[in-house]
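What follows is a short report on a single structure.
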2 protein chains.
Amino acid sequence: MSENIPADQSIDAARVPEDAITASILAAVAEHRLPAGTKLGEQALSDLFACHRSNVRRALTSLAAQHVIELQPNRGAFVATPSPEESREVFEARRTIERTLARLAIKRARPEDIAEMRRLTVQEAEARARSDKPAELRLSRAFHMQLSVIAGNSVLRQFLTELTLRTTLILGLYGDRGSSSCAKDEHGPIVDALEARDEARLVALIDEHLAHLEAGLDFDCPANRAMTLAEQLIPQRPL
Amino acid sequence: MSENIPADQSIDAARVPEDAITASILAAVAEHRLPAGTKLGEQALSDLFACHRSNVRRALTSLAAQHVIELQPNRGAFVATPSPEESREVFEARRTIERTLARLAIKRARPEDIAEMRRLTVQEAEARARSDKPAELRLSRAFHMQLSVIAGNSVLRQFLTELTLRTTLILGLYGDRGSSSCAKDEHGPIVDALEARDEARLVALIDEHLAHLEAGLDFDCPANRAMTLAEQLIPQRPL
DNA sequence: TCGCCAAAGATTGTCGACAAAATTTGTTAG
DNA sequence: CTAACAAATTTTGTCGACAATCTTTGGCGA
(Lines give C-alpha, C1' and ligand atoms only; values in the text may rest on other atoms or scores of the structure.)
Protein backbone atom coordinates (compact mmCIF):
# COMPACT_ATOMS: atom_id res chain seq x y z
CA MET A 1 0.00 0.00 0.00
CA SER A 2 1.28 3.44 -0.77
CA GLU A 3 1.20 6.16 1.84
CA ASN A 4 -1.64 8.58 1.85
CA ILE A 5 -0.81 11.99 0.51
CA PRO A 6 -2.30 14.83 2.53
CA ALA A 7 -4.84 16.60 0.40
CA ASP A 8 -4.30 20.01 1.91
CA GLN A 9 -1.45 22.10 0.72
CA SER A 10 1.08 22.71 3.44
CA ILE A 11 3.54 25.52 3.40
CA ASP A 12 6.66 24.61 1.47
CA ALA A 13 7.81 21.05 0.84
CA ALA A 14 5.55 20.66 -2.13
CA ARG A 15 5.21 17.62 -4.27
CA VAL A 16 5.09 19.49 -7.57
CA PRO A 17 6.46 22.90 -8.45
CA GLU A 18 2.93 24.15 -8.94
CA ASP A 19 2.14 23.54 -5.28
CA ALA A 20 5.36 25.22 -4.19
CA ILE A 21 4.37 28.34 -6.09
CA THR A 22 0.82 28.48 -4.76
CA ALA A 23 2.00 27.78 -1.22
CA SER A 24 4.64 30.50 -1.39
CA ILE A 25 2.26 33.08 -2.75
CA LEU A 26 -0.44 32.13 -0.27
CA ALA A 27 2.02 32.37 2.60
CA ALA A 28 3.31 35.72 1.36
CA VAL A 29 -0.20 37.12 1.12
CA ALA A 30 -1.11 35.67 4.51
CA GLU A 31 1.84 37.48 6.09
CA HIS A 32 1.39 40.80 4.33
CA ARG A 33 4.61 40.47 2.38
CA LEU A 34 2.80 40.78 -0.94
CA PRO A 35 0.73 43.98 -0.97
CA ALA A 36 -2.54 44.10 -2.90
CA GLY A 37 -2.06 45.01 -6.53
CA THR A 38 1.42 43.54 -6.89
CA LYS A 39 2.02 42.18 -10.35
CA LEU A 40 3.01 38.53 -10.52
CA GLY A 41 4.80 38.06 -13.83
CA GLU A 42 4.99 34.58 -15.27
CA GLN A 43 8.62 34.67 -16.23
CA ALA A 44 9.67 36.14 -12.91
CA LEU A 45 7.97 33.28 -11.09
CA SER A 46 9.23 30.58 -13.40
CA ASP A 47 12.75 31.94 -12.89
CA LEU A 48 12.32 32.06 -9.12
CA PHE A 49 11.03 28.52 -8.83
CA ALA A 50 13.16 27.12 -11.64
CA CYS A 51 10.24 25.54 -13.42
CA HIS A 52 8.39 25.75 -16.67
CA ARG A 53 6.04 28.61 -17.29
CA SER A 54 3.09 26.23 -17.57
CA ASN A 55 3.47 25.38 -13.90
CA VAL A 56 3.32 29.06 -13.02
CA ARG A 57 0.23 29.41 -15.16
CA ARG A 58 -1.56 26.59 -13.36
CA ALA A 59 -0.62 27.98 -9.99
CA LEU A 60 -1.95 31.39 -10.96
CA THR A 61 -5.29 30.08 -12.22
CA SER A 62 -5.65 28.12 -9.00
CA LEU A 63 -4.99 31.23 -6.94
CA ALA A 64 -7.42 33.18 -9.07
CA ALA A 65 -10.11 30.60 -8.33
CA GLN A 66 -9.58 31.36 -4.63
CA HIS A 67 -9.86 35.10 -5.30
CA VAL A 68 -6.36 35.64 -3.95
CA ILE A 69 -5.14 37.05 -7.23
CA GLU A 70 -6.90 38.54 -10.21
CA LEU A 71 -6.16 37.51 -13.78
CA GLN A 72 -6.44 40.26 -16.36
CA PRO A 73 -6.47 38.95 -19.93
CA ASN A 74 -3.31 39.81 -21.83
CA ARG A 75 -2.17 41.83 -18.84
CA GLY A 76 -1.13 39.34 -16.25
CA ALA A 77 -1.79 38.34 -12.65
CA PHE A 78 -2.11 40.79 -9.76
CA VAL A 79 -2.61 40.29 -6.07
CA ALA A 80 -6.32 40.90 -5.52
CA THR A 81 -7.51 44.33 -4.39
CA PRO A 82 -10.85 43.77 -2.66
CA SER A 83 -13.28 46.65 -2.94
CA PRO A 84 -15.04 48.03 0.13
CA GLU A 85 -18.24 46.33 -1.02
CA GLU A 86 -16.45 43.03 -1.45
CA SER A 87 -14.88 43.44 1.97
CA ARG A 88 -18.28 43.84 3.54
CA GLU A 89 -19.48 40.69 1.82
CA VAL A 90 -16.45 38.71 2.91
CA PHE A 91 -16.97 39.67 6.53
CA GLU A 92 -20.65 38.84 6.33
CA ALA A 93 -19.81 35.42 4.88
CA ARG A 94 -17.20 34.85 7.58
CA ARG A 95 -19.64 35.64 10.34
CA THR A 96 -22.15 33.22 8.91
CA ILE A 97 -19.69 30.39 8.52
CA GLU A 98 -17.74 30.86 11.73
CA ARG A 99 -20.92 30.99 13.77
CA THR A 100 -21.84 27.55 12.49
CA LEU A 101 -18.30 26.29 12.92
CA ALA A 102 -18.36 27.46 16.53
CA ARG A 103 -21.56 25.54 17.23
CA LEU A 104 -20.16 22.43 15.62
CA ALA A 105 -16.84 22.77 17.43
CA ILE A 106 -18.56 22.97 20.81
CA LYS A 107 -20.11 19.58 20.19
CA ARG A 108 -16.90 17.95 19.06
CA ALA A 109 -13.98 19.62 20.81
CA ARG A 110 -11.84 17.17 22.76
CA PRO A 111 -9.43 18.25 25.51
CA GLU A 112 -6.45 18.07 23.16
CA ASP A 113 -8.27 20.26 20.65
CA ILE A 114 -8.79 22.92 23.28
CA ALA A 115 -5.17 22.61 24.35
CA GLU A 116 -4.11 23.19 20.76
CA MET A 117 -6.29 26.28 20.54
CA ARG A 118 -4.80 27.56 23.78
CA ARG A 119 -1.33 26.93 22.47
CA LEU A 120 -2.06 28.97 19.36
CA THR A 121 -3.30 31.93 21.41
CA VAL A 122 -0.14 31.80 23.52
CA GLN A 123 2.12 31.69 20.50
CA GLU A 124 0.15 34.54 18.96
CA ALA A 125 0.54 36.63 22.10
CA GLU A 126 4.28 35.95 22.06
CA ALA A 127 4.51 37.01 18.44
CA ARG A 128 2.60 40.18 19.26
CA ALA A 129 4.88 40.83 22.23
CA ARG A 130 7.96 40.76 20.04
CA SER A 131 6.16 42.72 17.28
CA ASP A 132 6.49 39.88 14.82
CA LYS A 133 3.66 40.89 12.52
CA PRO A 134 4.00 38.04 10.02
CA ALA A 135 3.93 35.41 12.77
CA GLU A 136 1.02 37.16 14.42
CA LEU A 137 -0.98 37.15 11.20
CA ARG A 138 -0.12 33.54 10.53
CA LEU A 139 -1.07 32.40 14.01
CA SER A 140 -4.25 34.41 14.09
CA ARG A 141 -5.33 32.74 10.89
CA ALA A 142 -4.26 29.36 12.23
CA PHE A 143 -6.48 29.94 15.25
CA HIS A 144 -9.58 30.42 13.16
CA MET A 145 -8.66 27.54 10.88
CA GLN A 146 -8.16 25.27 13.88
CA LEU A 147 -11.72 26.01 14.92
CA SER A 148 -12.85 24.78 11.51
CA VAL A 149 -10.76 21.65 11.86
CA ILE A 150 -12.38 20.87 15.19
CA ALA A 151 -15.81 21.51 13.71
CA GLY A 152 -15.12 18.66 11.31
CA ASN A 153 -16.80 19.96 8.17
CA SER A 154 -14.29 20.08 5.34
CA VAL A 155 -16.62 21.99 3.02
CA LEU A 156 -17.00 24.84 5.48
CA ARG A 157 -13.33 24.56 6.35
CA GLN A 158 -12.36 25.14 2.75
CA PHE A 159 -14.69 28.12 2.50
CA LEU A 160 -13.08 29.56 5.61
CA THR A 161 -9.60 28.97 4.19
CA GLU A 162 -10.50 31.25 1.33
CA LEU A 163 -12.31 33.80 3.48
CA THR A 164 -9.53 34.18 6.04
CA LEU A 165 -7.04 34.79 3.26
CA ARG A 166 -9.27 37.38 1.68
CA THR A 167 -9.73 38.94 5.11
CA THR A 168 -5.97 39.19 5.50
CA LEU A 169 -5.79 40.98 2.16
CA ILE A 170 -8.54 43.35 3.25
CA LEU A 171 -6.78 44.11 6.52
CA GLY A 172 -3.62 44.88 4.61
CA LEU A 173 -5.49 47.29 2.41
CA TYR A 174 -7.83 49.09 4.76
CA GLY A 175 -6.87 48.12 8.26
CA ASP A 176 -4.02 47.72 10.67
CA ARG A 177 -3.66 51.44 11.13
CA GLY A 178 -4.19 52.94 14.56
CA SER A 179 -3.07 49.73 16.22
CA SER A 180 -6.61 48.42 16.17
CA SER A 181 -7.37 44.99 14.70
CA CYS A 182 -5.64 42.28 16.68
CA ALA A 183 -4.14 44.57 19.32
CA LYS A 184 -5.69 42.80 22.26
CA ASP A 185 -6.04 39.13 22.90
CA GLU A 186 -9.55 38.42 21.69
CA HIS A 187 -8.82 34.79 21.03
CA GLY A 188 -8.23 33.80 24.64
CA PRO A 189 -11.82 34.37 25.77
CA ILE A 190 -13.00 32.42 22.73
CA VAL A 191 -11.08 29.38 23.89
CA ASP A 192 -12.54 29.87 27.37
CA ALA A 193 -16.07 29.83 26.00
CA LEU A 194 -15.30 26.80 23.90
CA GLU A 195 -13.90 24.96 26.89
CA ALA A 196 -16.95 25.90 28.96
CA ARG A 197 -19.18 24.68 26.09
CA ASP A 198 -21.04 27.94 26.39
CA GLU A 199 -22.53 28.17 22.94
CA ALA A 200 -24.25 31.52 23.33
CA ARG A 201 -21.11 33.15 24.70
CA LEU A 202 -18.86 31.56 22.09
CA VAL A 203 -21.01 32.70 19.18
CA ALA A 204 -21.30 36.18 20.67
CA LEU A 205 -17.55 36.46 21.14
CA ILE A 206 -16.82 35.39 17.60
CA ASP A 207 -19.41 37.80 16.25
CA GLU A 208 -17.89 40.60 18.30
CA HIS A 209 -14.40 39.65 17.25
CA LEU A 210 -15.23 39.78 13.56
CA ALA A 211 -17.32 42.91 13.98
CA HIS A 212 -14.40 44.53 15.76
CA LEU A 213 -12.07 43.61 12.93
CA GLU A 214 -14.46 45.01 10.36
CA ALA A 215 -15.11 48.18 12.34
CA GLY A 216 -11.39 48.89 12.30
CA LEU A 217 -11.32 49.21 8.54
CA ASP A 218 -10.83 52.61 6.99
CA PHE A 219 -11.94 52.65 3.38
CA ASP A 220 -11.04 56.28 2.90
CA CYS A 221 -7.38 55.66 3.39
CA PRO A 222 -6.41 52.63 1.34
CA ALA A 223 -2.74 52.47 2.17
CA ASN A 224 -0.60 49.38 1.98
CA ARG A 225 -1.40 48.61 -1.62
CA ALA A 226 1.31 47.83 -4.11
CA MET A 227 3.80 50.66 -3.83
CA THR A 228 4.81 52.66 -6.84
CA LEU A 229 8.45 53.28 -7.49
CA ALA A 230 8.17 56.78 -6.06
CA GLU A 231 6.76 55.46 -2.81
CA GLN A 232 9.48 52.85 -2.58
CA LEU A 233 12.37 55.21 -3.40
CA ILE A 234 11.31 58.27 -1.42
CA PRO A 235 10.70 56.96 2.08
CA GLN A 236 8.56 59.18 4.28
CA ARG A 237 10.27 59.85 7.56
CA PRO A 238 8.96 58.03 10.62
CA LEU A 239 7.14 60.27 13.09
CA MET B 1 -16.74 52.79 -24.17
CA SER B 2 -16.98 49.09 -24.62
CA GLU B 3 -19.91 47.17 -23.24
CA ASN B 4 -19.55 45.46 -19.93
CA ILE B 5 -19.16 41.74 -20.12
CA PRO B 6 -21.19 39.85 -17.55
CA ALA B 7 -18.83 38.16 -15.16
CA ASP B 8 -21.02 35.15 -14.51
CA GLN B 9 -20.95 32.36 -16.99
CA SER B 10 -24.29 31.95 -18.69
CA ILE B 11 -25.35 28.74 -20.36
CA ASP B 12 -24.09 28.56 -23.91
CA ALA B 13 -23.05 31.55 -26.00
CA ALA B 14 -19.61 31.65 -24.51
CA ARG B 15 -16.88 34.10 -25.33
CA VAL B 16 -14.09 31.56 -25.39
CA PRO B 17 -14.23 27.83 -26.00
CA GLU B 18 -13.16 27.21 -22.44
CA ASP B 19 -16.35 28.83 -21.14
CA ALA B 20 -18.48 26.87 -23.59
CA ILE B 21 -17.04 23.63 -22.25
CA THR B 22 -17.48 24.50 -18.60
CA ALA B 23 -21.00 25.80 -19.21
CA SER B 24 -21.99 22.66 -21.10
CA ILE B 25 -20.61 20.33 -18.47
CA LEU B 26 -22.14 22.35 -15.65
CA ALA B 27 -25.51 22.33 -17.38
CA ALA B 28 -25.28 18.60 -18.03
CA VAL B 29 -24.46 17.89 -14.40
CA ALA B 30 -27.19 20.25 -13.22
CA GLU B 31 -29.77 18.35 -15.29
CA HIS B 32 -28.61 14.85 -14.41
CA ARG B 33 -27.47 14.08 -17.92
CA LEU B 34 -23.93 13.32 -16.78
CA PRO B 35 -23.98 10.66 -14.05
CA ALA B 36 -21.41 10.72 -11.29
CA GLY B 37 -18.23 8.91 -12.22
CA THR B 38 -18.47 9.56 -15.95
CA LYS B 39 -15.04 9.92 -17.51
CA LEU B 40 -14.44 13.15 -19.36
CA GLY B 41 -11.65 12.47 -21.82
CA GLU B 42 -9.65 15.39 -23.10
CA GLN B 43 -9.60 14.36 -26.71
CA ALA B 44 -13.30 13.54 -26.70
CA LEU B 45 -14.07 17.04 -25.45
CA SER B 46 -11.65 18.81 -27.74
CA ASP B 47 -13.24 16.96 -30.66
CA LEU B 48 -16.76 17.83 -29.49
CA PHE B 49 -16.04 21.52 -29.07
CA ALA B 50 -13.60 21.75 -31.96
CA CYS B 51 -10.91 23.39 -29.90
CA HIS B 52 -7.40 22.78 -28.72
CA ARG B 53 -6.80 20.35 -25.90
CA SER B 54 -5.37 23.13 -23.74
CA ASN B 55 -8.79 24.76 -23.62
CA VAL B 56 -10.31 21.50 -22.41
CA ARG B 57 -7.60 21.26 -19.80
CA ARG B 58 -8.35 24.72 -18.46
CA ALA B 59 -12.06 24.02 -18.35
CA LEU B 60 -11.47 20.79 -16.43
CA THR B 61 -9.23 22.39 -13.83
CA SER B 62 -11.83 25.10 -13.34
CA LEU B 63 -14.55 22.49 -12.82
CA ALA B 64 -12.31 20.59 -10.45
CA ALA B 65 -11.86 23.75 -8.37
CA GLN B 66 -15.66 23.80 -7.98
CA HIS B 67 -15.67 20.14 -6.96
CA VAL B 68 -17.90 19.27 -9.89
CA ILE B 69 -15.33 16.91 -11.34
CA GLU B 70 -12.38 15.12 -9.87
CA LEU B 71 -8.96 15.12 -11.50
CA GLN B 72 -6.95 11.94 -11.04
CA PRO B 73 -3.29 12.36 -12.01
CA ASN B 74 -2.40 10.51 -15.17
CA ARG B 75 -5.90 9.03 -15.21
CA GLY B 76 -8.14 11.83 -16.30
CA ALA B 77 -11.22 13.75 -15.23
CA PHE B 78 -14.36 12.16 -13.81
CA VAL B 79 -17.66 13.60 -12.74
CA ALA B 80 -17.40 13.88 -8.96
CA THR B 81 -18.82 11.10 -6.80
CA PRO B 82 -19.56 12.67 -3.42
CA SER B 83 -19.24 10.32 -0.47
CA PRO B 84 -21.99 10.05 2.13
CA GLU B 85 -19.81 12.00 4.54
CA GLU B 86 -19.19 14.71 1.96
CA SER B 87 -22.91 14.82 1.24
CA ARG B 88 -23.66 15.46 4.88
CA GLU B 89 -21.14 18.28 4.93
CA VAL B 90 -22.53 19.86 1.78
CA PHE B 91 -26.04 19.90 3.23
CA GLU B 92 -24.79 21.33 6.49
CA ALA B 93 -22.99 24.09 4.60
CA ARG B 94 -26.08 24.77 2.51
CA ARG B 95 -28.26 25.13 5.57
CA THR B 96 -25.81 27.58 7.08
CA ILE B 97 -25.53 29.71 4.01
CA GLU B 98 -29.14 29.66 2.90
CA ARG B 99 -30.32 30.62 6.37
CA THR B 100 -28.24 33.76 6.16
CA LEU B 101 -29.27 34.39 2.58
CA ALA B 102 -32.90 34.15 3.64
CA ARG B 103 -32.44 36.72 6.37
CA LEU B 104 -30.66 39.06 3.98
CA ALA B 105 -33.25 38.54 1.27
CA ILE B 106 -36.09 39.47 3.61
CA LYS B 107 -34.49 42.84 4.17
CA ARG B 108 -33.89 43.52 0.50
CA ALA B 109 -36.59 41.80 -1.53
CA ARG B 110 -38.51 44.18 -3.76
CA PRO B 111 -41.91 43.36 -5.26
CA GLU B 112 -40.38 42.41 -8.61
CA ASP B 113 -37.95 40.07 -6.85
CA ILE B 114 -40.82 38.26 -5.21
CA ALA B 115 -42.66 38.13 -8.52
CA GLU B 116 -39.61 36.53 -10.10
CA MET B 117 -39.44 33.93 -7.34
CA ARG B 118 -43.13 33.21 -7.80
CA ARG B 119 -42.62 32.84 -11.53
CA LEU B 120 -39.85 30.29 -10.95
CA THR B 121 -42.06 28.18 -8.68
CA VAL B 122 -44.82 28.21 -11.30
CA GLN B 123 -42.46 27.17 -14.07
CA GLU B 124 -41.06 24.48 -11.84
CA ALA B 125 -44.54 23.15 -11.09
CA GLU B 126 -45.28 23.09 -14.82
CA ALA B 127 -42.09 21.17 -15.50
CA ARG B 128 -43.00 18.70 -12.77
CA ALA B 129 -46.50 18.35 -14.21
CA ARG B 130 -45.14 17.33 -17.59
CA SER B 131 -42.45 15.16 -15.96
CA ASP B 132 -39.66 17.22 -17.44
CA LYS B 133 -36.97 16.26 -14.94
CA PRO B 134 -34.14 18.34 -16.44
CA ALA B 135 -36.24 21.49 -16.45
CA GLU B 136 -37.44 20.75 -12.93
CA LEU B 137 -33.88 20.38 -11.67
CA ARG B 138 -32.78 23.51 -13.48
CA LEU B 139 -35.66 25.60 -12.16
CA SER B 140 -35.32 24.31 -8.62
CA ARG B 141 -31.72 25.33 -8.63
CA ALA B 142 -32.61 28.67 -10.19
CA PHE B 143 -35.05 29.25 -7.34
CA HIS B 144 -32.39 28.88 -4.69
CA MET B 145 -29.91 30.92 -6.68
CA GLN B 146 -32.47 33.69 -7.12
CA LEU B 147 -32.73 33.90 -3.34
CA SER B 148 -28.99 34.48 -3.22
CA VAL B 149 -29.24 37.16 -5.88
CA ILE B 150 -31.88 38.99 -3.88
CA ALA B 151 -29.73 38.70 -0.75
CA GLY B 152 -27.08 40.72 -2.56
CA ASN B 153 -23.93 39.04 -1.26
CA SER B 154 -21.87 37.78 -4.18
CA VAL B 155 -19.45 35.85 -1.98
CA LEU B 156 -22.24 33.79 -0.45
CA ARG B 157 -23.91 33.57 -3.86
CA GLN B 158 -20.82 31.98 -5.34
CA PHE B 159 -20.58 29.51 -2.48
CA LEU B 160 -24.20 28.58 -3.06
CA THR B 161 -23.58 28.15 -6.78
CA GLU B 162 -21.07 25.47 -5.95
CA LEU B 163 -23.16 23.90 -3.21
CA THR B 164 -26.33 23.61 -5.26
CA LEU B 165 -24.41 21.91 -8.03
CA ARG B 166 -22.87 19.47 -5.60
CA THR B 167 -26.31 18.90 -4.13
CA THR B 168 -27.64 18.02 -7.56
CA LEU B 169 -24.84 15.51 -7.95
CA ILE B 170 -25.65 14.02 -4.57
CA LEU B 171 -29.34 13.74 -5.42
CA GLY B 172 -28.45 11.96 -8.62
CA LEU B 173 -26.33 9.49 -6.69
CA TYR B 174 -28.32 8.78 -3.57
CA GLY B 175 -31.72 10.34 -4.03
CA ASP B 176 -34.62 10.75 -6.40
CA ARG B 177 -35.84 7.21 -5.76
CA GLY B 178 -39.25 6.67 -4.18
CA SER B 179 -40.50 9.93 -5.68
CA SER B 180 -39.37 11.86 -2.65
CA SER B 181 -37.14 14.92 -3.04
CA CYS B 182 -38.94 17.66 -4.92
CA ALA B 183 -42.22 15.80 -5.29
CA LYS B 184 -44.30 18.48 -3.66
CA ASP B 185 -44.16 22.19 -4.06
CA GLU B 186 -42.03 23.24 -1.13
CA HIS B 187 -40.90 26.41 -2.81
CA GLY B 188 -44.28 28.07 -2.90
CA PRO B 189 -44.58 28.49 0.89
CA ILE B 190 -41.05 29.85 0.94
CA VAL B 191 -42.06 32.67 -1.36
CA ASP B 192 -45.09 33.29 0.81
CA ALA B 193 -42.92 33.67 3.89
CA LEU B 194 -40.54 35.93 2.02
CA GLU B 195 -43.40 38.11 0.84
CA ALA B 196 -44.80 38.29 4.38
CA ARG B 197 -41.30 39.21 5.63
CA ASP B 198 -41.74 36.51 8.25
CA GLU B 199 -38.11 35.74 9.05
CA ALA B 200 -38.70 32.96 11.54
CA ARG B 201 -41.05 31.13 9.21
CA LEU B 202 -38.84 31.63 6.18
CA VAL B 203 -35.78 30.26 7.92
CA ALA B 204 -37.76 27.35 9.32
CA LEU B 205 -39.19 26.49 5.90
CA ILE B 206 -35.79 26.53 4.26
CA ASP B 207 -34.34 24.41 7.02
CA GLU B 208 -37.17 21.93 6.63
CA HIS B 209 -36.85 21.94 2.88
CA LEU B 210 -33.16 21.10 2.98
CA ALA B 211 -33.61 18.61 5.80
CA HIS B 212 -36.34 16.94 3.76
CA LEU B 213 -34.05 16.70 0.76
CA GLU B 214 -31.27 15.22 2.85
CA ALA B 215 -33.59 12.79 4.60
CA GLY B 216 -34.62 11.40 1.24
CA LEU B 217 -31.11 10.20 0.49
CA ASP B 218 -30.38 6.50 0.55
CA PHE B 219 -26.70 5.82 0.91
CA ASP B 220 -27.13 2.07 0.85
CA CYS B 221 -28.34 2.09 -2.69
CA PRO B 222 -26.06 4.32 -4.72
CA ALA B 223 -27.71 3.96 -8.09
CA ASN B 224 -27.48 6.47 -10.91
CA ARG B 225 -23.73 6.47 -11.01
CA ALA B 226 -21.87 6.07 -14.26
CA MET B 227 -23.26 2.92 -15.80
CA THR B 228 -21.04 0.07 -16.72
CA LEU B 229 -21.35 -1.51 -20.13
CA ALA B 230 -23.34 -4.39 -18.68
CA GLU B 231 -25.86 -2.02 -17.13
CA GLN B 232 -26.19 -0.13 -20.36
CA LEU B 233 -26.53 -3.21 -22.57
CA ILE B 234 -28.77 -5.38 -20.42
CA PRO B 235 -31.71 -3.19 -19.53
CA GLN B 236 -33.68 -4.32 -16.51
CA ARG B 237 -37.38 -4.49 -17.28
CA PRO B 238 -39.60 -1.75 -15.83
CA LEU B 239 -41.91 -2.94 -13.05
C1' DT C 1 -10.06 -22.78 -17.65
C1' DC C 2 -7.92 -19.44 -14.95
C1' DG C 3 -4.46 -16.19 -13.71
C1' DC C 4 -0.29 -13.81 -14.76
C1' DC C 5 2.99 -11.36 -17.78
C1' DA C 6 4.27 -8.67 -21.90
C1' DA C 7 3.39 -5.89 -25.84
C1' DA C 8 0.46 -2.61 -28.15
C1' DG C 9 -2.49 1.18 -27.97
C1' DA C 10 -4.48 5.20 -26.04
C1' DT C 11 -4.40 9.02 -22.80
C1' DT C 12 -2.33 12.40 -19.96
C1' DG C 13 1.60 15.52 -18.83
C1' DT C 14 5.47 18.53 -20.29
C1' DC C 15 8.08 21.28 -23.08
C1' DG C 16 9.75 24.63 -26.52
C1' DA C 17 8.53 27.63 -30.24
C1' DC C 18 5.79 30.91 -32.31
C1' DA C 19 1.90 34.47 -32.60
C1' DA C 20 -0.64 38.23 -30.47
C1' DA C 21 -0.99 41.85 -27.35
C1' DA C 22 0.56 45.26 -24.18
C1' DT C 23 4.15 48.03 -22.20
C1' DT C 24 8.14 50.61 -22.54
C1' DT C 25 11.42 53.39 -24.87
C1' DG C 26 12.93 56.69 -28.19
C1' DT C 27 11.95 60.33 -31.46
C1' DT C 28 9.93 64.22 -33.49
C1' DA C 29 6.79 68.01 -34.10
C1' DG C 30 4.33 71.78 -31.99
C1' DC D 1 9.21 71.58 -22.44
C1' DT D 2 5.21 68.86 -23.45
C1' DA D 3 2.47 65.76 -26.11
C1' DA D 4 1.80 62.48 -29.44
C1' DC D 5 3.38 59.04 -32.50
C1' DA D 6 6.31 54.94 -33.78
C1' DA D 7 9.70 51.43 -33.06
C1' DA D 8 11.47 48.06 -29.95
C1' DT D 9 11.03 45.16 -26.15
C1' DT D 10 8.71 42.51 -22.97
C1' DT D 11 4.87 39.65 -21.67
C1' DT D 12 0.95 36.79 -22.36
C1' DG D 13 -1.62 33.32 -25.12
C1' DT D 14 -1.74 29.31 -28.33
C1' DC D 15 -0.28 25.45 -30.63
C1' DG D 16 1.93 21.07 -32.03
C1' DA D 17 5.13 17.56 -30.84
C1' DC D 18 7.18 14.44 -27.77
C1' DA D 19 7.72 11.87 -23.27
C1' DA D 20 5.59 9.42 -19.43
C1' DT D 21 1.92 6.84 -17.68
C1' DC D 22 -2.04 4.08 -17.68
C1' DT D 23 -5.31 0.79 -19.95
C1' DT D 24 -6.31 -2.71 -22.97
C1' DT D 25 -5.17 -6.62 -25.70
C1' DG D 26 -2.94 -10.83 -26.69
C1' DG D 27 -0.25 -14.77 -25.32
C1' DC D 28 1.80 -18.11 -22.22
C1' DG D 29 2.07 -21.43 -18.59
C1' DA D 30 0.10 -23.78 -14.63
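Here is the naming used below: chain letters follow the sequence lines, and residue numbers restart at 1 for every chain.
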Whole-Å distance between [N] [atom2] and [X] [atom1]?
| X | N | atom1 | atom2 | value |
| --- | --- | --- | --- | --- |
| B:Glu42 | D:dA20 | CD | C1' | 14 Å |
| B:Phe78 | D:dT23 | CZ | C1' | 11 Å |
| A:Lys39 | D:dT11 | NZ | C1' | 6 Å |
| B:Glu18 | D:dC15 | CD | P | 12 Å |
| A:Arg57 | D:dT12 | CZ | C1' | 6 Å |
| B:Arg58 | C:dG13 | CZ | P | 15 Å |
| B:Asp47 | C:dT11 | CG | P | 10 Å |
| A:Gln43 | C:dA21 | CD | P | 20 Å |

Original post:
Under the 5.5 Å and 30° test, is A:His52 stacked on the base of C:dC15?
Top reply: yes
Is it true that A:Glu92 and B:Asn153 share a donor-acceptor pair across their side chains at a distance under 3.5 Å?
yes
Item to check | Backbone of B:Leu163 reached by a side-chain donor or acceptor of B:His67 within 3.5 Å | outcome: no
Closest to the 5' end of DNA chain C, once B:Leu40 and A:Asn55 are matched to their nearest nucleotides, is B:Leu40
Of A:Asn74 and A:Cys51, the one whose closest nucleotide on DNA chain C sits nearer the 5' end is A:Cys51
Would you call A:Glu214-A:Arg95 a salt bridge at under 4.0 Å N-O? yes
request  = Before accepting this row, confirm whether a basic side-chain N of the pair A:Arg166/A:Glu86 lies closer than 4.0 Å to the acidic partner's carboxylate O.
outcome  = yes
Looking only at D:dC22, C:dA22, C:dT14, the nucleotide nearest the A:Arg75 side chain is C:dA22
Of the listed D:dT12, C:dC15, D:dA17, the closest approach to the A:Arg53 side chain comes from D:dT12
